[in-house]
2 protein chains.
Amino acid sequence: MTAANPPSSSQAEFEKIDASFQMTVRDHVHRAMRSAIISGRFQPGQKINERNLAEQFGVSTTPIKEALRQLETEGLVEALPRRGVVIRFSMSWAEEMILARAALESMIAHLAAKRIDEKGKAALSVIANRMKEATASGDADSLIALNETFHDHVHKSSQCGYLAKLIERQQFYDASIRRVIHLDPTERQKALDEHVAIADAITAGDTDKAERTMRDHVVRSGDTYLSIVFKKKGEV
Amino acid sequence: MTAANPPSSSQAEFEKIDASFQMTVRDHVHRAMRSAIISGRFQPGQKINERNLAEQFGVSTTPIKEALRQLETEGLVEALPRRGVVIRFSMSWAEEMILARAALESMIAHLAAKRIDEKGKAALSVIANRMKEATASGDADSLIALNETFHDHVHKSSQCGYLAKLIERQQFYDASIRRVIHLDPTERQKALDEHVAIADAITAGDTDKAERTMRDHVVRSGDTYLSIVFKKKGEV
DNA sequence: ATTTCAAATCTGATATATCAAGTTTCACAC
DNA sequence: GTGTGAAACTTGATATATCAGATTTGAAAT
C-alpha cells in the first residue's frame, strides 16, 4: 500500500502537499491565542474584546471572530451570546485535559495493538531504540521530536483519524515546557521506560496492557507538566 | 452549598438563567448543519459553498463562516485553506466518535464512582427506579429523557466540566433515531440492565467496574445506533 | 446616601464590499 | 490529439459598515 507498489505510470510518486501548510490570518490568531491561554497569559474568567484583539494583531475583526469560535469549540473560552467571550482555562481544566488525553490515547493504543502490522512493529521498534540512545546521551531536543514521532506512529497504527485529531486538542504544554522536563535525567528515564513498555505491549498485541501502560504514561507525565505549569503538585 | 443555606437577604433564590438560552444565527446554522451532516444529508468529501449556504439560510456569509469554523474544530468538516471546506463524516468517523465517547464516558464514570456523595447516590437511585418503571411500561419518550438525565447526573457527580463538554460533541444521533431504538422492548431491556449496572458500580464506589460497565454500554448502544443510521451491522 | 431610569456608550452580531488565490475555459501552437 | 497559457470566472479570506443588545453614566427624585 506504500512503497511496494510499482509506479502506475512512468511518473515518480510524491506525497500530497499538506494543505494546512499555508497559513491564514485566522489560524495565526488561533494558535497565538491558544498558546497565550494555555501558558497562563490570560486570567480565568477574563473578558476578551474583539476590537482590541483585532487592533493588537493589526487585522480586522473577521478572522478574530473565527479564531474565537475555534477556541470556543475547543473549550478554552466560553461565548456568552451578545456578551462576548471569557477565558475558561485553569489548573482544573488542565487536569481534565490530561484525563481526556489519557482516555483517548489509551483507547487508540488498544486499537493500535489490535491493528498494527509487521512493518509497523518494525518501525515502532526503530523509534524505541532511537529513544534509548537519545535518553542515554541526554539529547533533549531529539527526545522531544522522538516523543512526537512515537505517539504519531501509534496513532497511525491504530488507523484512527478522528481520535488522533481529537487527541491533538488535549495538549496544553508546548515545546519550551517539554524542554525543561527532558533536561531532567530522572524524567527522561521514566518516560523511556514507559514508552518501551507501551511499544512492547502494542508489538505483542496485548490490547489490555497497551491500554493500561499508555494511560499511566499520559497521566504521570501530564502531572509532571502540571506541576511545572502551575507551580504545584497535582494529584488525580 | 445548595438549598441548605439560609437566604443571605430577604430575597428568594433563583438559578442563573442559562446564557446559551438565547439563540444566535451562527448557532442556528451550526446546529442545522451538524444535524444535516450526521444524518447523512451530505456526502463524504462533498464541497461546501459559503455563498450558497448563506443564500439558503437567508443570511450573510459571516455567521456561516463562524459555524463552519465550529464544525471544523469538531472534526465534522475539513477546511482546506483558500479552497473551502469539505464534509468529513462517514461510518468510520461515526465509529470513532462512539469509541471517543466510550473512552471519555468511562473515564468520567470512574471519577463519578470516586467522587459521588450520599445525596448524589440517592438521586442516581431515583433515576434508576424511574427507568425501571418506564421500561416496564414501554414509555419511550420518558426513557429518552431519563437517559439524558442519567448521563448528565453521572457527569455532575464526577465534578468534571471539560470532560462533560467534550462528551457532548461525540454524539451523532438525535431524538428521532433514539425513538426508533427505544420502541424495541429488547433494546429497552438491555439498556436498562446496563444503566442499573453502572448505577450500582458508581454507588458502590467501584471505579473499575463503573468504568467497564460504562464503556460496554456506550459501545454496545453506539453499535445499535450505527447499524440503524448506516443500515448495516458494525463491529468494533 | 440610595434608588430610578433614560441617554450615551460600548461591543458583539450581522451585512456588505473588496481582495486575491484557485479553478475553469478556450484559443493557439506543436 | 496533446500540451500551453492567458483571460474569465469562482470563491474563500479579509476589511469595513451597520445594527442592536448590553453596560455604564449621571441627573433627578426620594
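Residue numbering restarts at 1 for every chain, and letters A, B, ... go by the order of the sequence lines.
Between B/Y225 and the choices B/F172, B/F230, B/Y173, the ring pair (Phe, Tyr, Trp, His ring centres under 6.0 Å) rule is met once, by B/Y173.
Using five terminal pairs a side, the axes of the helix from C/dA1-D/dT30 to C/dC30-D/dG1 at its two ends make an angle of 0°, given in steps of 10 degrees.
Dashed line: the shortest gap from a side-chain N or O of A/Q22 to OP1 or OP2 of C/dG22 is under 4.0 Å.
Residue contacts shown for B/I48 are limited to sugar-phosphate atoms, with no base heavy atom under 4.0 Å away. Residue B/L53 is out of contact with every strand shown, counting any heavy-atom pair closer than 4.0 Å.
Within the 4.5 Å cutoff, the side chain of A/V77 has no heavy atoms near those of the A/F89 side chain. Counting heavy atoms from C-beta outward, B/L166 and A/Q170 have side chains that approach closer than 4.5 Å. With contacts defined as side-chain heavy-atom distances shorter than 4.5 Å, the pair A/R130/A/S142 does not qualify. When side chains are defined from C-beta on, B/L163 does not count as touching B/H155, because their heavy atoms never get closer than 4.5 Å.
For the pair A/K47 NZ and C/dC10 P, the interatomic distance rounds to 14 Å; values are reported in whole Å. For B/N52 and D/dT11, the CG to P distance is 7 Å, given to the nearest whole Å. Atoms CZ (B/F57) and C1' (C/dA13) sit 17 Å apart, rounded to a whole Å. Whole-Å rounding puts the A/L80 CG to D/dT23 P distance at 10 Å. The distance from atom CD of B/E50 to atom C1' of D/dA13 is 8 Å, rounded to the nearest whole Å.
A salt bridge links A/R215 with B/E211: the closest approach of a Lys/Arg side-chain nitrogen to an acidic carboxylate oxygen falls below 4.0 angstrom. Salt-bridge annotation for A/E118 and A/K121: present, with a side-chain N of the basic residue lying under 4.0 Å from a carboxylate O of the acidic one. Ionic pairing of B/E66 and B/R69 is not present here: no N-O contact between side-chain nitrogen and carboxylate oxygen is shorter than 4.0 angstrom. The existence of a salt bridge linking B/R88 and B/E78 is confirmed by a sub-4.0 Å separation between a basic side-chain nitrogen and an acidic carboxylate oxygen.
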Between protein and nucleic acid, restricted to nucleotides 14-17 of chain C and to nitrogen or oxygen atoms under 3.5 Å apart, what atom pairs and distances do you find?
{"from": "C/dT14", "atom 1": "OP1", "to": "B/T24", "atom 2": "OG1", "distance (Å)": "3.4"}
{"from": "C/dT14", "atom 1": "OP1", "to": "B/V25", "atom 2": "N", "distance (Å)": "2.6"}
{"from": "C/dT14", "atom 1": "OP2", "to": "B/T24", "atom 2": "OG1", "distance (Å)": "3.3"}
{"from": "C/dA15", "atom 1": "OP2", "to": "B/S60", "atom 2": "N", "distance (Å)": "2.6"}
{"from": "C/dA15", "atom 1": "OP2", "to": "B/S60", "atom 2": "OG", "distance (Å)": "3.0"}
{"from": "C/dA15", "atom 1": "N7", "to": "B/T62", "atom 2": "OG1", "distance (Å)": "2.7"}

